[in-house]
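Here is the structure we will look at.
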Amino acid sequence: MSEESSYIFGHFGDDFKWGAATASYQIEGAWNIDGKGQSIWDTFAHTKGKISDGSNGDVAADSYNKYEEDIQLLKDIGVSHYRFSFSWPRILPNGTEEGGLNKKGIEFYRKFLKSVVDNGLVPVATLYHWDLPQVLQDKGGWISQDIVNHFVNYARICFREFGDIVKFWITFNEPTVFTFLGYGVGTHAPGIKDPLNSPFKGGHNVIKAHALTYKLYNDEFRKDNQGIVGITLNSDWYEPKDSNSDKDKRAADLGMQCKLGWFANPIFGDGDYPQAMKVRARSVSAMLGFPGSFLPQFTPKEIELNKGSADFFGLNYYTSRYVSTCQDFSEPVTEAKVIGIEQHSDPSWKQGESEWLKSVPWGLRKLVKWIHSNYNAPDIYITENGFSDKPGIIEDTDRCDYLKEHLQELLKAKTEDGVNLKGYFVWSLIDNFEWNVGYLERFGIYHVDFEDPARKRTAKKSATVFSEIVKNNGFTRN
Ligand code: PNW
């Protein structure tokens, strides 16, 4: 089952962008400072039993106060781009502009952005990396229709307030994760458990909000601001368990269609959900006595609006699986069971500290090739890729191997397969609050001491290794 891999030399091309990524709730802290409203992650992390180590993001890496240091770290590793996210409730504590614009929140981000550009870096802004204003969750959150306009209005404010500086926009980070874990299995905020219905209702609203935000930028901002707008989707690569089995091949394809295609097909494909996903949703609905289909339908007008609503494809990749079919609906109902696949891994794959993360570099090459050929060769930015280990490791050899091996596969995809790869952002610049597992799993190429009130940052070995690849813009013989 194992795939062969060879080492190649070469570079990514002159226009390739290098960066590192973070997200507001995971690093900022200052959860109730300077007029910030509460987010669903504040609520969730403050609820006993939700976070493995009982921690929260109240202070996190304290980047609200230490962003200048973070910017210096980016300069130290030699990248040109910083992917960060805006906290919606820091800008709109009550979710909407009618509820009041938080001047101090806007000032904070303008100060931060000024420092980013004064240091010669390019800001890449994610509008939504999961910290929904709690007040909007109280009205139904992503399940409610109203969220679509609330999001578009929030996006308008960000375009208006920051569009002179920010030219690179990502509407959403990983909709499959926040809809499924947040509204399906309930391990992420807001902690709702409804695997067969809510994630797809929520996802429907996310796609509508994304498409309308893209239209908004085109109609009102693009001419003056000249930026680009896209979305970040995540996917595992699904490889048939038995490459000679047609059944396994169909299962792997169904996995790709239902996981990546769920959001990618409407935005980068024909504007609608993948045919295979619609068929699967109808048959699961019938099997479980759900009237019609749990997968909502787009109107012809919405399909037109969805189609082509991104200037680039943001991809987060961490891991892969071998796949066969599955007809099991026993509790707990997982995303895989809904899709109808059983996932397997190879014991030889290096295991991260996160139970779901196994290092499969060749899966990334296959995944970007699949996107290239299924969605008309879009510009692809890897907006996240990284590896987790235990707290306190500075000589992070496993992460160094992971990054090198994945960048090797990307170089092959770019130079040998002709994939339009435009950039790469490592996850993450610094250790941070890793959602429901708190500070137990670390992704940073810089260590953060969470015991230290100063939240001291220290370079790990991977910061040096990554910076070497960045400096060479690839892999050189020397
Ligand atoms: C991404 N999974 O989340 C997020 O964009 C980051 O905020 C996060 O810190 C990073 O990856 C590492 O986890 C994921 O369960 C969360 O498969 C969960 C999964 C995948 C990605």
Side-chain angles (χ1 to χ4, degrees), residues 17-37 39 41-42 56-93 102-131 157-158 161-170 173 383-384 386 425-434 439 442-450 452-460 463 466-467:
K17 316 290 189 226
W18 293 95
T22 61
S24 47
Y25 187 72
Q26 295 182 276
I27 65 161
E28 282 181 1
W31 77 282
N32 59 357
I33 303 291
D34 291 341
K36 177 179 164 291
S39 82
W41 272 96
D42 292 313
N56 55 54
D58 290 3
V59 181
D62 198 22
S63 290
Y64 189 73
N65 297 303
K66 299 175 78 72
Y67 63 87
E68 302 267 9
E69 276 184 44
D70 296 343
I71 290 167
Q72 186 56 47
L73 305 180
L74 291 156
K75 287 174 75 179
D76 291 348
I77 49 176
V79 297
S80 55
H81 286 55
Y82 185 20
R83 177 179 176 227
F84 70 101
S85 78
F86 288 116
S87 159
W88 184 344
R90 198 179 290 292
I91 294 168
L92 297 169
N102 182 25
K103 281 227 167 66
K104 289 213 164 137
I106 308 259
E107 273 163 29
F108 165 72
Y109 284 121
R110 287 214 58 101
K111 233 172 33 186
F112 160 78
L113 287 168
K114 182 167 187 310
S115 175
V116 170
V117 295
D118 285 352
N119 280 285
L121 298 167
V122 179
V124 179
T126 307
L127 288 169
Y128 189 80
H129 202 125
W130 308 355
D131 40 1
I157 289 165
C158 292
E161 300 290 331
F162 312 119
D164 57 332
I165 305 182
V166 178
K167 308 291 176 192
F168 198 146
W169 296 93
I170 294 168
N173 180 67
T383 42
E384 283 178 30
F425 295 75
V426 66
W427 183 270
S428 177
L429 177 65
I430 51 176
D431 284 343
N432 56 53
F433 178 80
E434 177 55 19
Y439 300 99
R442 301 295 178 84
F443 280 89
I445 58 171
Y446 282 86
H447 174 264
V448 174
D449 184 354
F450 293 99
D452 176 359
R455 296 297 191 274
K456 187 171 186 306
R457 281 100 162 114
T458 307
K460 301 183 190 177
F466 182 57
S467 127

Report task. Any chance you could lay out the side-chain contact (heavy atoms from CB on, under 4.5 Å) test for Val122 and Lys17, step after step, and finish with the verdict? Result -> CA-CA 10 Å; Val122 179; Lys17 316 290 189 226; over 6 Å; no

Query raised in the report: Are the side chain of Lys460 and the backbone N or O of Gly444 linked by a donor-acceptor pair below 3.5 Å?
Result: yes

Report task. Please test Leu127 against Trp169 for side-chain contact (heavy atoms from CB on, under 4.5 Å), starting from the C-alpha separation and ending with a verdict. Result -> CA-CA 7 Å; Leu127 288 169; Trp169 296 93; 3.8 Å; yes

**Report entry** Tyr25 (side chain) donor-acceptor with Trp130 (main chain) under 3.5 angstrom
**Finding:** no

Report task. Anything under 30° is parallel, anything over 60° is perpendicular, the rest tilted; go ahead and classify Phe433 against Trp41. Result -> perpendicular

Report summary line: Those residues at least two apart in sequence (or on a different chain) that pass salt bridge (Lys or Arg N to Asp or Glu O under 4.0 Å) with Arg455 are none

Report task. With sequence neighbours left out, write down each residue that passes ring pair (Phe, Tyr, Trp, His ring centres under 6.0 Å) with Phe168, or none if nothing qualifies. Result -> Phe312, Tyr381

Requested in this report: State, yes or no, whether a side-chain contact exists between Ile157 and Phe86 at a heavy-atom distance under 4.5 Å.
Outcome: no

Query raised in the report: Excluding sequence neighbours, so at least two apart, what forms salt bridge (Lys or Arg N to Asp or Glu O under 4.0 Å) with Asp118?
Result: Lys114

Requested in this report: Among Ile77, Leu74, Asp70, find the one that has a side chain to side chain contact (heavy atoms under 4.5 Å, CB included) with Tyr446.
Outcome: Ile77

**Report entry** Listed partners of Asp164 passing salt bridge (Lys or Arg N to Asp or Glu O under 4.0 Å), at least two apart
**Finding:** Arg110

Query raised in the report: Do side-chain atoms of Ser85 reach the backbone of Ser24 as a donor and acceptor pair under 3.5 angstrom?
Result: yes

Query - Pair Asp131 + Arg90, salt bridge at N-O below 4.0 Å - result: no

Query raised in the report: Taking C-beta and beyond as the side chain, do Ser63 and Arg457 meet within less than 4.5 Å on heavy atoms?
Result: yes

**Report entry** Sub-4.5 Å side-chain heavy-atom contact between Arg442 and Phe450
**Finding:** yes

**Report entry** Non-neighbouring partners of Asp62 that pass salt bridge (Lys or Arg N to Asp or Glu O under 4.0 Å), sequence neighbours left out
**Finding:** none

Query - Residues which pass ring pair (Phe, Tyr, Trp, His ring centres under 6.0 Å) with Tyr82, listed by chain and number, not counting sequence neighbours - result: Phe112

Requested in this report: Measure the spacing between CD of Gln26 and CD1 of Ile430 and express it to the nearest 0.5 Å.
Outcome: 10.0 Å

Query raised in the report: Between Val124 and Phe425, is any pair of side-chain heavy atoms under 4.5 Å apart?
Result: yes

**Report entry** Asn119 side chain to Gln72 backbone, donor-acceptor under 3.5 Å
**Finding:** no

Query - Distance in Å, Tyr128 OH paired with Ser87 OG, rounded so as to fall on 0.5 Å steps - result: 10.5 Å

Query raised in the report: Are Thr383 and Trp427 side-chain neighbours, meaning at least one heavy-atom pair lies under 4.5 Å?
Result: no

Query raised in the report: Between atom OG of Ser115 and atom CD1 of Ile71, what is the distance when rounded to the nearest 0.5 Å?
Result: 3.5 Å

Query raised in the report: Within the distance-only criterion (no hydrogens, no angle test), does the side chain of Lys36 pair as donor or acceptor with the backbone N or O of Trp31 below 3.5 angstrom?
Result: yes

**Report entry** Any donor-acceptor N/O pair, Trp88 side chain to Ser39 backbone, under 3.5 Å
**Finding:** no

Query - Nearest-0.5 Å distance, OH of residue Tyr67 to OG1 of residue Thr22 - result: 14.0 Å

Query raised in the report: Could you give the distance from CG (Asp42) to CG (Asn56), rounded to the nearest 0.5 Å?
Result: 8.5 Å

Report summary line: Between Val117 and Pro123, the two heavy atoms sitting closest are CG1-CD, 4.0 Å

Requested in this report: State whether the side chain of Tyr64 and the backbone N or O of Ile27 hold a donor-acceptor pair below 3.5 Å, judged by distance alone.
Outcome: no

Query raised in the report: Roughly how far apart are Leu73 CG and Thr458 OG1, rounded to 0.5 Å?
Result: 9.5 Å

